[in-house]
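These numbers were taken from a predicted model, which means no experiment stands behind them.
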Amino acid sequence: LGGALTLTYRLGRHLSLSLQTGYLQWKVRRNQVDAAGTSTGSLTNVVWVVPMQTGARVYPVPGLYVAALGGISYLRTHA
């Protein structure tokens with residue numbers, strides 16, 4: 001489950017700034033086993049990630065751009 005949003009602000013004909021953020025969520029299930037290989041149960045965790053990036057786009061020709069992005073991600077888990 002997830003989604004993303006990108007905002008772009010055009011500074012001129014050949015350059016723009018961008019901001020991108022999103023949300024991702026998934027479940028992780030771990031099966032636990034003992035030393036003999038016998039299943040002792042399972043544990044399900046939910047993981048959330050919120051990435052945030054900023055960057056620039058250069059438009060060398062109409063309809064084509066080259067982008068450089070950098071940012072951080074916020075990660076959280078819940079059992």
Can you name the closest pair of heavy atoms from [X] and [Y] and give their distance?
X: Val50; Y: Gly22; answer: CG1-O, 3.4 Å
X: Ser18; Y: Leu69; answer: OG-CD2, 3.6 Å
X: Ser39; Y: Val33; answer: CA-CG1, 4.0 Å

Can you tell me how far the [atom1] atom of [X] sits from the [atom2] atom of [Y], to the nearest 0.5 Å?
X: Arg30; Y: Ser42; atom1: CZ; atom2: OG; value: 10.5 Å
X: Tyr59; Y: Leu15; atom1: OH; atom2: CG; value: 8.5 Å
X: Gln25; Y: Arg76; atom1: CD; atom2: CZ; value: 11.0 Å
X: Thr21; Y: Met52; atom1: OG1; atom2: CE; value: 6.0 Å
X: Lys27; Y: Asn45; atom1: NZ; atom2: CG; value: 11.0 Å
X: Leu11; Y: Arg57; atom1: CG; atom2: CZ; value: 12.5 Å

Next on the checklist: Are Val47 and Tyr23 linked, directly or through intermediate hydrophobic residues, by side-chain heavy-atom contacts shorter than 4.5 Å (ILVMFWY only)?
Outcome noted: no
Next on the checklist: For Thr44 and Val28: C-alpha separation, side-chain torsions, deciding distance, then whether side chain to side chain contact (heavy atoms under 4.5 Å, CB included) applies.
Outcome noted: CA-CA 6 Å; Thr44 301; Val28 178; over 6 Å; no
Item to check | Derivation of the side chain to side chain contact (heavy atoms under 4.5 Å, CB included) call for Tyr9 and Leu19 | outcome: CA-CA 9 Å; Tyr9 181 74; Leu19 172 66; over 6 Å; no
Checklist entry - Given the rule in the side chain to side chain contact (heavy atoms under 4.5 Å, CB included) test, do Thr54 and Leu17 qualify, once you have shown the distances and angles that lead to the verdict? => result CA-CA 8 Å; Thr54 60; Leu17 299 178; over 6 Å; no
Checklist entry - How about Tyr65: does its OH atom have over 12 heavy atoms from other parts shown lying under 6.0 Å from it? => result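 Check fails, neighbour count at 12 or below.
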